[in-house]
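Before any comments, here is the structure.
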Amino acid sequence: MITSICIAQLNFLVGDLSGNAQKIIEAARDAHAQGAKLLITPELALCGYAAEDLLLRPAFQQASDEALQSIVSASKAWPGMTLLVGHTQATAGTLHRQNTASWIGNGRIQASYVKQALPNYGVFDELRYFTPQHQPCLIEVAGIKIGVLICEDAWVQEPAQAAKMAGAQMLVVVNASPYHLGKQAERQAVLAQRVAETGLPVVYAHMVGGQDELVFDGSSFALNADGSVAARAPSFETALVTIALQQHADRIQLSGDVALVQSGNAYLWSALVLSVRDYVRKNGFPGALLGLSGGIDSALVLAIAVDALGKDRVRTVMMPSPYTADISWKDAQEMADRVGVRHDVIDIAPQFEAFKAALADQFRGLAEDTTEENLQARIRGTLLMALSNKFGSIVLTTGNKSELGTGYCTLYGDMAGGFAVIKDLFKTRVFELALWRNANDPFGTGLNPIPERIITRPPSAELRPDQKDEDSLPPYSLLDDIIGRYMENDESVEAIVAAGHDRANVERVVRLIRINEYKRRQAPVGPRLSHRSFGKDWRNPITNGFRG
């Protein structure tokens with residue numbers, strides 16, 4: 001006998017309890033119409049992930065329980081089908097909740113499973129909010145005993161083994177697993193381990209969407225008991241994924257459509273586009289604007305924004321100073337023309353001169369230095385924020401991870417804005433992605449959006465005559481490797497030097513990382529793309545005497 005189950009790979013909005021419940025109800029209606037016996041939703045689908053301190057609010061807890069009851073009541077309309085819904089439930093005697101997945105059908109909650117392994121590292125703070133419980137939970141669907149795990153439970157051996165010992169014939173894992181480069185392959189490898197250890201097939205149900213700095217990539221999948229891929233959902237898309245279950249004696253065979261896996265840069269580009277689209281959409285901004293300088297960083301951000309929002313919802317502003325090269329004007333205008341966005345020019349020379357005049361008495365006898373450079377950046381930030389206030393569009397900042405790491409950015413200047421699109425991309429990756437995007441058109445907005453000269457000319461902030469980034473920083477190929485080793489991988493200065501880097505460069509870069517923590521604390525949120533970004537992954541004290 002063949003049984004059909006469905007995964008509701010959906011994009012939820014944190015805190016929109018009634019809206020999320022309605023999405024689950026609509027997915028259940030569609031799955032039931034297709035003859036499905038089971039509909040699986042992701043981890044904490046009802047409240048969205050991560051709800052953070054909303055989870056501690058009694059009013060939120062009550063609203064969550066009421067939303068769950070609306071799904072329970074609606075389930076009366078789908079006889080013969082069970083829903084597996086991710087939600088929170090009360091823990092007796094405490095303010096903590098339990099991260100729960102409940103089997104719902106025929107107007108009642110039939111059983112509930114509580115997450116056992118609570119991650120408390122990186123971007124995860126689940127011990128702050130949840131209480132674990134260490135018991136397996138099985139339910140029978142179409143004669144098949146199914147054990148459920150919640151996300152981190154599948155990354156350790158014990159919960160899957162306990163489910164098998166309790167009689168499970170297959171496993172379902174519900175997830176809210178944030179994306180980073182290589183994460184999809186990591187998940188599949190870990191689940192393949194669980195399959196090999198238990199001999200049970202597994203269905204991995206995941207969500208999709210952007211939530212502040214987190215991005216969820218979908219890519220739900222199923223593995224047969226031999227480890228082969230039985231089904232895979234599209235990445236970065238909502239989908240109702242159908243998987244067929246066929247029982248042969250004591251063996252369960254899964255099958256379904258297998259979507260292609262995107263390449264590294266294609267996957268990364270989709271994550272960037274989805275993060276911008278969802279941040280703008282979910283927070284109610286009518287569009288986005290950015291300063292277009294004629295440089296590589298703002299060019300890449302513009303290409304991402306147009307793919308995410310469409311040309312009519314993106315606006316660019318060129319704000320030349322006395323040090324802006326003519327080719328920067330031309331390249332910015334050419335790129336704006338290529339992608340079809342509104343492009344304005346506001347000359348900041350008058351404001352720059354006015355600021356210098358106002359400070360002339362204070363600065364008398366002192367040479368110009370980074371103070372005057374930063375004035376230009378802050379004038380630009382003020383103008384962009386004024387346009388944002390007047391028209392409602394969010395300012396997208398254009399700084400990259402190399403700059404943010406070393407403080408090669410201006411507080412209240414180029415750091416001013418609402419969403420830092422490429423804050424977790426090293427400069428070397430910025431160039432790589434620009435070349436990739438020129439050769440690929442994943443969202444149908446046109447090939448070659450970035451003029452070649454923007455990619456090939458040496459990077460410069462253009463805040464003083466003939467300025468180049470490498471006047472102030474090591475070459476980006478060296479800089480990015482040092483930052484990556486120290487910040488992402490926790491390597492010591494000695495280890496980085498032993499890997500072949502010049503000691504003076506390493507000590508200089510590490511010092512810059514340390515002394516610029518205060519800037520990063522004031523930077524806008526942006527998408528997490530690596531396994532460790534400057535955000536929730538990186539929690540270092542600003543006032544810090546450690547020099548290791």
Side-chain angles (χ1 to χ4, degrees), residues 50 121-124 177-184 186 209-217 235-236 262 264-280 288 290 295-305 307-308 394-409 414-415 417-434 436-437 459 473 476-477 479-491 509 512-513 516-517 519-540:
Y121 56 86
V123 299
F124 304 105
S177 175
Y179 161 86
H180 65 242
L181 286 162
K183 186 66 176 288
Q184 199 277 340
E186 288 178 33
Q211 172 59 35
D212 296 342
E213 69 185 86
L214 303 182
V215 190
F216 301 96
D217 56 314
S235 302
F236 301 103
Q262 294 176 312
N265 281 331
Y267 216 80
L268 178 57
W269 192 266
S270 293
L272 284 159
V273 167
L274 181 61
S275 70
V276 172
R277 181 185 298 138
D278 271 6
Y279 196 83
V280 171
L290 63 139
I296 184 70
D297 295 314
S298 61
L300 188 70
V301 172
L302 175 56
I304 294 165
D307 278 2
I394 189 173
V395 175
L396 303 179
T397 66
T398 60
N400 59 60
K401 191 170 189 173
S402 310
E403 295 167 346
L404 200 61
T406 57
Y408 194 63
C409 46
D414 55 305
M415 293 177 70
F419 197 63
V421 179
I422 58 171
K423 69 177 288 185
D424 201 26
L425 287 182
F426 286 121
K427 187 80 167 191
T428 46
R429 195 65 183 248
V430 168
F431 281 105
E432 181 183 327
L433 263 187
W436 179 88
R437 178 59 185 86
L473 299 170
Y476 281 113
S477 59
L479 175 67
D480 291 352
D481 190 56
I482 294 170
I483 296 174
R485 289 174 179 273
Y486 182 81
M487 179 263 172
E488 293 186 353
N489 299 330
D490 286 324
E491 294 184 25
V509 171
L512 289 172
I513 293 172
N516 284 290
E517 184 64 29
K519 283 189 180 182
R520 291 188 290 270
R521 291 289 184 93
Q522 300 178 70
V525 68
R528 174 184 182 265
L529 306 166
S530 67
H531 72 275
R532 195 175 201 186
S533 66
F534 286 117
K536 287 185 177 182
D537 290 305
W538 175 263
R539 306 184 196 188
N540 281 263

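Looking only at side-chain heavy atoms (C-beta outward), Leu433 and Leu272 come within less than 4.5 Å of each other. Side-chain contact check for Val280 versus Ile394: some heavy-atom pair is nearer than 4.5 Å. With contacts defined as side-chain heavy-atom distances shorter than 4.5 Å, the pair Leu181/Arg429 qualifies. Using a 4.5 Å heavy-atom threshold, the side chains of Val301 and Val276 count as separate. Residues Asn540 and Arg520 fail the side-chain proximity criterion, which asks for heavy atoms closer than 4.5 Å. Side-chain contact between Pro527 and Tyr179 is absent, with no heavy atoms from C-beta onward closer than 4.5 Å. Gln262 has its side chain within reach of Ser270: a pair of non-hydrogen atoms, C-beta onward, lies under 4.5 Å apart.
Between the CZ atom in Phe534 and the CD atom in Glu517 there is a gap of 7.5 Å [rounded to 0.5 Å]. Atoms CG and CG, from Asp278 and Leu214 in turn, are 12.0 Å apart once rounded to the nearest 0.5 Å. Between the CG atom of Leu274 and the CD1 atom of Ile304 there is a distance of 12.5 Å, given to the nearest 0.5 Å.
Under the rule for a salt bridge (Lys or Arg N to Asp or Glu O under 4.0 Å), Lys423 has no partner lying at least two apart in sequence or in another chain. The side-chain contact (heavy atoms from CB on, under 4.5 Å) test applied to Ser402 returns Asn400, Phe426, Lys427, Tyr476, Leu479, Asp480, not counting sequence neighbours. Considering only residues two or more places apart in sequence or on other chains, Arg532 meets the salt bridge (Lys or Arg N to Asp or Glu O under 4.0 Å) condition with Asp490. Residues meeting the side-chain hydrogen bond (donor to acceptor under 3.5 Å, both in side chains) test with Asp212, sequence neighbours left out: none. In this structure Gln184 satisfies the side-chain hydrogen bond (donor to acceptor under 3.5 Å, both in side chains) test with no other residue, sequence neighbours excluded. Residues meeting the salt bridge (Lys or Arg N to Asp or Glu O under 4.0 Å) test with Lys183, sequence neighbours left out: none. Scored by the ring pair (Phe, Tyr, Trp, His ring centres under 6.0 Å) test, Phe431 finds no partners at all (sequence neighbours excluded). With sequence neighbours excluded, the residues satisfying salt bridge (Lys or Arg N to Asp or Glu O under 4.0 Å) with Arg437 are Asp307, Asp441. Residues passing the side-chain contact (heavy atoms from CB on, under 4.5 Å) test with Ser298, sequence neighbours excluded: Leu290, Leu292, Ser293, Thr398. Residues that satisfy the side-chain hydrogen bond (donor to acceptor under 3.5 Å, both in side chains) test with Glu432, not counting sequence neighbours, are Asn265. Contacts of Phe216 classified as ring pair (Phe, Tyr, Trp, His ring centres under 6.0 Å), with partners at least two apart in sequence or in another chain: none. Remark: Ala50 pairs with Glu52 by the side-chain contact (heavy atoms from CB on, under 4.5 Å) rule, at least two apart or across chains.
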Problem - Trace of the side-chain contact (heavy atoms from CB on, under 4.5 Å) decision for Leu425 with Leu268 - result: CA-CA 10 Å; Leu425 287 182; Leu268 178 57; 4.0 Å; yes
Practice task
Applying side-chain contact (heavy atoms from CB on, under 4.5 Å), run through Asn516 and Thr406 and close with a yes or a no.
Solution key: CA-CA 7 Å; Asn516 284 290; Thr406 57; 5.5 Å; no
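The backbone N or O of Phe236 sits nowhere less than 3.5 Å from a side-chain atom of Asp217 that would complete a donor-acceptor pair. Between the Arg528 side chain and the Gly535 main chain, no donor and acceptor come within less than 3.5 Å of each other.
The aromatic rings of Tyr279 and Phe419 sit parallel to each other, their planes meeting at less than 30°, with 60° as the upper class boundary.
For the 3.5 Å distance criterion, the side chains of Lys401 and Ser530 qualify, holding a donor opposite an acceptor.
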